[in-house]
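Side chains included, hydrogens not; waters and symmetry mates left out as well; all remaining heavy atoms used. A quick note: this is a predicted structure, and the numbers were derived from the prediction, not measured.
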Amino acid sequence: MASRGEFGVRYSTLDQDSDREQPFAAPGSGAGLSYEELSNRVASSVTQINSNVASLQRLFKQAIKATPGSRFHVQLSSVQRTTTELIKSTSENMHRLEGVSTGSMSSATKNRHILHVERLRNNFKSALDRFSGITKTIVDRERVAVGEARRNVSLTRGGIDDEDEDED
């Protein structure tokens with residue numbers, strides 16, 4: 001028996017001739033995942049993306065105070081890479097979910113399906129926006145740090161070059 005989802009909707013159908021559930025297969029997915037499985041994967045991934053964004057925010061605050069190359073910077077990069085990969089796979093699953101055929105569904109089931117997919121899409125977009133925001137903040141801060149490091153290096157070089165000229 002199928003479990004209930006976000007709106008209390010069952011995400012698979014029962015075969016007319018038996019009590020066996022028939023999965024909704026996304027066209028071209030090749031995976032044969034049911035609507036419920038795709039829906040659960042997307043919802044779980046969105047939750048994980050949001051969790052990773054919270055981790056990135058926390059790590060960013062710690063990395064600002066830490067020296068470059070510290071474990072915070074390494075963890076920050078690692079979480080960013082992992083989240084980017086998760087976003088890619090979630091996007092693919094979201095596309096599959098949106099491609100699930102609603103042809104044999106009743107009108108009420110189609111409407112619930114459409115609302116559920118729309119809600120997942122909006123949640124995914126919100127998670128993407130949050131990830132994009134923190135990533136932009138991190139990149140902006142890294143640019144500032146690189147600029148400061150370059151200025152410090154040129155000030156140091158300027159002082160060394162001046163001393164060398166005095167010795168001649």
Side-chain angles (χ1 to χ4, degrees), residues 1-64 66 71-145:
M1 181 157 208
S3 63
R4 293 192 177 269
E6 211 167 300
F7 295 106
V9 179
R10 294 191 186 279
Y11 297 114
S12 61
T13 60
L14 293 176
D15 187 326
Q16 297 291 334
D17 300 327
S18 73
D19 288 342
R20 212 180 84 204
E21 291 184 19
Q22 299 296 313
F24 291 109
S29 71
L33 294 175
S34 71
Y35 177 85
E36 180 179 1
E37 290 168 324
L38 282 171
S39 176
N40 287 340
R41 281 188 183 187
V42 169
S44 175
S45 294
V46 168
T47 300
Q48 186 60 52
I49 292 166
N50 283 323
S51 175
N52 287 2
V53 168
S55 294
L56 285 170
Q57 290 168 333
R58 188 183 75 258
L59 287 168
F60 176 69
K61 288 177 185 175
Q62 294 169 331
I64 289 174
R71 71 180 176 91
F72 298 115
H73 292 274
V74 172
Q75 287 176 334
L76 196 64
S77 295
S78 176
V79 173
Q80 279 181 289
R81 278 190 307 276
T82 302
T83 306
T84 299
E85 291 302 314
L86 182 58
I87 288 169
K88 287 178 187 176
S89 68
T90 304
S91 180
E92 291 169 4
N93 284 332
M94 191 70 215
H95 183 71
R96 288 180 183 141
L97 186 62
E98 289 170 336
V100 170
S101 173
T102 58
S104 63
M105 293 181 192
S106 70
S107 179
T109 303
K110 281 182 190 181
N111 289 338
R112 285 191 298 264
H113 167 78
I114 290 167
L115 288 173
H116 182 72
V117 170
E118 184 177 326
R119 182 168 181 155
L120 286 173
R121 185 183 322 107
N122 290 340
N123 290 345
F124 182 46
K125 183 184 179 317
S126 175
L128 286 175
D129 290 345
R130 290 183 66 219
F131 178 70
S132 177
I134 187 63
T135 301
K136 183 182 181 318
T137 301
I138 291 167
V139 168
D140 289 347
R141 178 63 183 147
E142 287 173 351
R143 279 192 193 125
V144 168

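- Contact check for N93 versus R96: side-chain heavy atoms found under the 4.5 Å cut-off.
- Distance check: L97 CG to T90 OG1 gives 11.5 Å after rounding to the nearest 0.5 Å.
- Taken from CD1 in I138 to CG in L56, the straight-line distance is 5.0 Å, to the nearest 0.5 Å.
- Remark: K125 pairs with D129 by the salt bridge (charged side-chain N to carboxylate O under 4.0 Å, His left out) rule, at least two apart or across chains.
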Just list the side-chain donor-acceptor pairs under 3.5 Å for residues 71-81, sequence neighbours left out, or say none.
from : atom 1 : to  : atom 2 : distance (Å)
H73  : NE2    : A63 : O      : 3.2
H73  : NE2    : T67 : O      : 3.4
S77  : OG     : H73 : O      : 3.3

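- Remark: S132 engages no residue in a side-chain contact (heavy atoms from CB on, under 4.5 Å) (not counting sequence neighbours).
- In this structure, L86 and T82 have side chains that are not in contact, with every pair of non-hydrogen atoms separated by 4.5 Å or more.
- No donor-acceptor contact under 3.5 angstrom links the side chains of R119 and N122, judged on distance only.
- A distance of 9.5 Å separates CD1 of I49 from OG1 of T84, quoted to the nearest 0.5 Å.
- When the side-chain hydrogen bond (donor to acceptor under 3.5 Å, both in side chains) test is applied to N111, no partner is found at least two apart in sequence or on another chain.
- The list of salt bridge (Lys or Arg N to Asp or Glu O under 4.0 Å) pairs with a residue in residues 49-59, not counting sequence neighbours, is empty.
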Step by step, work out the side chain to side chain donor-acceptor pair (under 3.5 Å) result for R41 and S44.
CA-CA 5 Å; R41 281 188 183 187; S44 175; over 6 Å; no
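- Applying the side-chain contact (heavy atoms from CB on, under 4.5 Å) rule to I114 yields no partners; only residues at least two apart in sequence or on another chain are considered.
- Listed by first and then second residue, the salt bridge (Lys or Arg N to Asp or Glu O under 4.0 Å) pairs involving residues 131-140 are K136-D140, D140-R143 (not counting sequence neighbours).
- Between the side chain of S39 and the backbone N or O of Y35 there is no donor-acceptor pair closer than 3.5 Å.
- The minimum heavy-atom distance between A127 and V53, with the atom names listed, is O-CG2, 4.4 Å.
- With sequence neighbours excluded, the residues forming a side-chain hydrogen bond (donor to acceptor under 3.5 Å, both in side chains) with E98 are R121, listed by chain and number.
- Checking side-chain atoms of S91 against main-chain N and O of I87 turns up no donor-acceptor pair under 3.5 Å.
- Not one N or O on the side chain of S51 forms a donor-acceptor pair closer than 3.5 Å with the backbone of T47.
- Residues passing the side-chain hydrogen bond (donor to acceptor under 3.5 Å, both in side chains) test with R130, sequence neighbours excluded: N50.
- Residues that satisfy the side-chain hydrogen bond (donor to acceptor under 3.5 Å, both in side chains) test with Q48, not counting sequence neighbours, are N52.
- Heavy-atom minimum distance, I134 versus Q57: CD1-CG, 3.7 Å.
- Between S89 atom OG and M94 atom CE the span is 13.0 Å, to the nearest 0.5 Å.
- Under the side-chain contact (heavy atoms from CB on, under 4.5 Å) criterion, K61 pairs with no residue at all, not counting sequence neighbours.
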